[in-house]
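Have a look at the structure below before the remarks.
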Amino acid sequence: MPDATKAPSSVPVGVDTTRASIARVYDAALNGKDNFEIDREVLRQVATVAPQVNDLAWSNRNFLIRACRFLASQGGITQYLDCGSGLPTAENTHQVVQRLQPTAKVLYVDNDPVVLAHGRALLEENEQTLFISADIFQPEEILGNDEVREFLDFSQPIALIHNGTLHHYLGHDGPEIIKKYTDEMLPGSYTVIAHFLDPETPEHSQIARAMEQKFTHSPMGSGVFRTHDQIAAMFGDQELVEPGLVLCDDWWPDGPRVKPLNQVEECIAGAVGRKV
């Protein structure tokens with residue numbers, strides 16, 4: 001966990017340092033610097049039942065990087081709608097895909113004040129990147145946005161990214177939210193989802209439910225661990241790219257595994273779906 005003495009050098013307007021933020025907790029788990037004591041307290045609480053809790057964030061981030069490389073190279077996708085962008089890290093979506101597709105466009109969406117303050121300048125790095133403030137769980141708000149419609153060409157395939165977002169949505173209509181996005185997208189478009197997983201085995205379900213209890217009762221207030229079938233339902237009738245919905249660390253890893261996954265790494269899954 002980050003050093004408790006770390007904190008952003010100044011507090012942006014609109015940022016409440018007495019309430020934890022999803023983006024800042026995630027930043028803290030990745031050893032970032034744009035987080036506060038209240039955010040680190042969330043991780044400390046979860047660490048009482050799952051000491052390797054930070055590995056959730058690393059599995060999520062590394063899966064996203066590999067998925068983006070696949071979409072840009074094998075998929076040939078040049079348009080990305082990244083929902084819940086969070087705070088900038090070393091390898092952001094636009095950096096990964098523009099390395100392979102220099103003309104690729106990436107539209108980031110978030111409504112966290114600290115992301116608006118710190119992220120926009122870093123994420124809007126060139127003319128092919130754009131950041132808008134909106135609620136990612138309100139597709140109509142995003143799809144009806146004039147800036148979005150001007151920036152992305154919906155007559156061409158788009159990659160929708162909901163990486164590490166839907167487990168912070170406490171409603172039961174996650175599949176319907178994704179469908180509203182994908183209904184506007186052409187066949188040949190893709191959807192990327194990573195989500196906290198209840199593996200439904202006695203040993204791993206116990207740790208998943210313990211983490212969920214800590215997350216949802218922490219100052220952050222969310223973090224639902226859904227089953228394989230519940231996560232798979234979010235892809236609707238899309239075709240899942242091989243190997244399908246698997247643990248994030250098992251989705252086309254960068255090399256051979258020389259050590260077993262820990263219990264926390266067994267509790268986050270991801271997949272890439274293709275609209276047909």
Gln98/Asn126 under side-chain contact (heavy atoms from CB on, under 4.5 Å): CA gap, chis, key distance, verdict: CA-CA 10 Å; Gln98 288 173 0; Asn126 54 49; 2.8 Å; yes
Working for salt bridge (charged side-chain N to carboxylate O under 4.0 Å, His left out), residues Glu184 and Arg149: CA-CA 11 Å; Glu184 293 290 313; Arg149 288 289 176 173; 2.8 Å; yes
side-chain contact (heavy atoms from CB on, under 4.5 Å) between Leu87 and Tyr26, intermediate numbers included: CA-CA 8 Å; Leu87 286 155; Tyr26 187 64; over 6 Å; no
Step-by-step side-chain contact (heavy atoms from CB on, under 4.5 Å) determination, Val272 to Trp251: CA-CA 9 Å; Val272 176; Trp251 199 91; 3.5 Å; yes
Step-by-step side-chain hydrogen bond (donor to acceptor under 3.5 Å, both in side chains) determination, Asp229 to Thr227: CA-CA 5 Å; Asp229 288 348; Thr227 66; 5.6 Å; no
CA sep, side-chain torsions, deciding dist, call: His162, Tyr181, ring pair (Phe, Tyr, Trp, His ring centres under 6.0 Å): CA-CA 11 Å; His162 258 278; Tyr181 281 108; 5.4 Å; yes
Derivation and outcome, salt bridge (charged side-chain N to carboxylate O under 4.0 Å, His left out), residues Glu176 and Lys179: CA-CA 5 Å; Glu176 288 74 21; Lys179 187 175 186 298; over 6 Å; no
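Nearest heavy-atom pair across Cys68 and Val96 is CB-CG1, 3.7 Å. Closest of all the heavy-atom pairs between Ala104 and Val97 is CB-CG2, 4.0 Å. Nearest heavy-atom pair across Gly86 and Val115 is O-CG1, 3.4 Å. Taking every heavy atom of both residues into account, Ile22 and Ser222 meet most closely at CD1-OG, 3.8 Å. Nearest heavy atom pair, residue Pro219 against residue Val42, reads CD-CG2, 3.8 Å. When all heavy atoms of Ala194 and Asn163 are compared, the closest pair comes out as CB-OD1, 3.2 Å.
Put simply, CG on Asp249 and CD on Glu265 are 5.0 Å apart, with the number rounded to the nearest 0.5 Å. With values rounded to the nearest 0.5 angstrom, Ile158 atom CD1 is found 7.5 Å from Asp153 atom CG.
Formation of a donor-acceptor pair under 3.5 Å by the Ser189 side chain with backbone atoms of Pro157 is not found in this model. The backbone N or O of Asn92 lies less than 3.5 Å from a partner atom in the side chain of Gln95, making a donor-acceptor pair. Under the 3.5 Å distance criterion, the side-chain polar atoms of Arg40 are left unmatched by any main-chain donor or acceptor of Ala28. The closest donor-acceptor contact from the side chain of Ser85 to the backbone of Asp82 lies at 3.5 Å or more, if one exists at all. At distances below 3.5 Å, not a single donor-acceptor pair connects side-chain atoms of Arg274 with backbone N or O atoms of Gly75. In terms of modelled atom types and a separation under 3.5 Å, the side chain of Lys105 and the main chain of Phe151 share a donor-acceptor contact. Judged by distance alone, the side chain of Asp27 and the main-chain N or O of Asp34 form a donor-acceptor pair under 3.5 Å.
Among the candidates Val192, Val106, Thr129, the single residue satisfying the side-chain contact (heavy atoms from CB on, under 4.5 Å) test with Thr93 is Val106. Put simply, the residue from Asp55, Asn60, Leu197 that forms a side-chain contact (heavy atoms from CB on, under 4.5 Å) with Ile268 is Asn60. The side-chain hydrogen bond (donor to acceptor under 3.5 Å, both in side chains) test with Gln263 singles out one residue from Glu203, His204, Gln52, and that residue is Glu203. Considering Ile178, Leu160, Ile177 in turn, Ile177 is the only one that fulfils the side-chain contact (heavy atoms from CB on, under 4.5 Å) rule with Pro139. Each of Tyr80, Phe131, Tyr108 was checked for a ring-ring contact (aromatic ring centres under 6.0 Å, His included) with His94, and the lone residue meeting it is Tyr108.
For Ser205 and Asp198, the side-chain atoms include at least one donor-acceptor pair closer than 3.5 Å. No hydrogens or angles considered: nothing links the side chains of Asn111 and Ser133 as a donor-acceptor pair under 3.5 Å.
Taking the side chain as every heavy atom from C-beta outward, Met211 and Cys267 approach each other to under 4.5 Å. When side chains are defined from C-beta on, Arg69 counts as touching Asp254, because their heavy atoms get closer than 4.5 Å. Counting heavy atoms from C-beta on, the side chains of Ile193 and Leu166 come closer than 4.5 Å. Contact of the Ile161 side chain with the Leu64 side chain is registered, since non-hydrogen atoms from C-beta on lie closer than 4.5 Å. Proximity of Arg61 to Ile65: side-chain heavy atoms (C-beta onward) are separated by under 4.5 Å at one or more points. At least one side-chain heavy atom of Val148 sits under 4.5 Å from a side-chain heavy atom of Leu107. Annotation: side chain of Ser218 is not in contact with side chain of Val46 (no heavy-atom distance under 4.5 Å). Looking at Glu147 and Leu130, their side chains come closer than 4.5 Å, going by heavy atoms from C-beta outward.
Ring-plane geometry between Phe225 and Phe215 is classed as parallel, the angle between the planes falling under 30 degrees on a 0 to 90 degree scale with a further cut at 60.
Here His167 pairs with His195, Phe196 under the ring-ring contact (aromatic ring centres under 6.0 Å, His included) rule; sequence neighbours left out. In this structure Asp135 satisfies the salt bridge (Lys or Arg N to Asp or Glu O under 4.0 Å) test with no other residue, sequence neighbours excluded.
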Side-chain donor-acceptor pairs under 3.5 Å in residues 231-245, sequence neighbours left out?
residue : atom : partner : partner atom : Å
Gln238  : OE1  : Thr191  : OG1          : 3.1
Gln238  : NE2  : Thr191  : OG1          : 3.1
Gln238  : NE2  : Phe235  : O            : 3.4

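Taking hydrophobic clusters as Ile, Leu, Val, Met, Phe, Trp and Tyr residues chained together by side-chain heavy-atom distances below 4.5 Å, Val224 does not share a cluster with Phe137. Under the 4.5 Å side-chain heavy-atom criterion for Ile, Leu, Val, Met, Phe, Trp and Tyr, Leu186 and Leu81 are members of distinct hydrophobic clusters. Note on Val246 and Tyr190: same hydrophobic cluster, where clusters join Ile, Leu, Val, Met, Phe, Trp and Tyr whose side-chain heavy atoms are under 4.5 Å apart, directly or indirectly. By the criterion of side-chain heavy atoms lying less than 4.5 angstrom apart, applied directly or through intervening Ile, Leu, Val, Met, Phe, Trp or Tyr residues, Trp252 is not grouped with Leu100; the two fall into different hydrophobic clusters. Linking Ile, Leu, Val, Met, Phe, Trp and Tyr residues whenever their side-chain heavy atoms come within less than 4.5 Å places Leu143 and Leu152 in a single cluster.
Salt-bridge formation is not detected for the pair Arg24/Glu37: no Lys NZ or Arg NE/NH1/NH2 atom is positioned less than 4.0 Å from an Asp or Glu carboxylate oxygen. Remark: Glu200 does not engage Arg226 in a salt bridge, criterion side-chain N to carboxylate O under 4.0 Å. Taking a cutoff of 4.0 Å between a charged side-chain nitrogen and a carboxylate oxygen, Asp39 and Arg19 do not qualify as a salt bridge.
The 12-atom threshold is exceeded at CD of Glu140, counting heavy atoms of other residues, nucleotides or ligands nearer than 6.0 Å. More than 12 heavy atoms of other residues, nucleotides or ligands lie within 6.0 Å of NZ in Lys275, so this atom counts as buried by the packing criterion.
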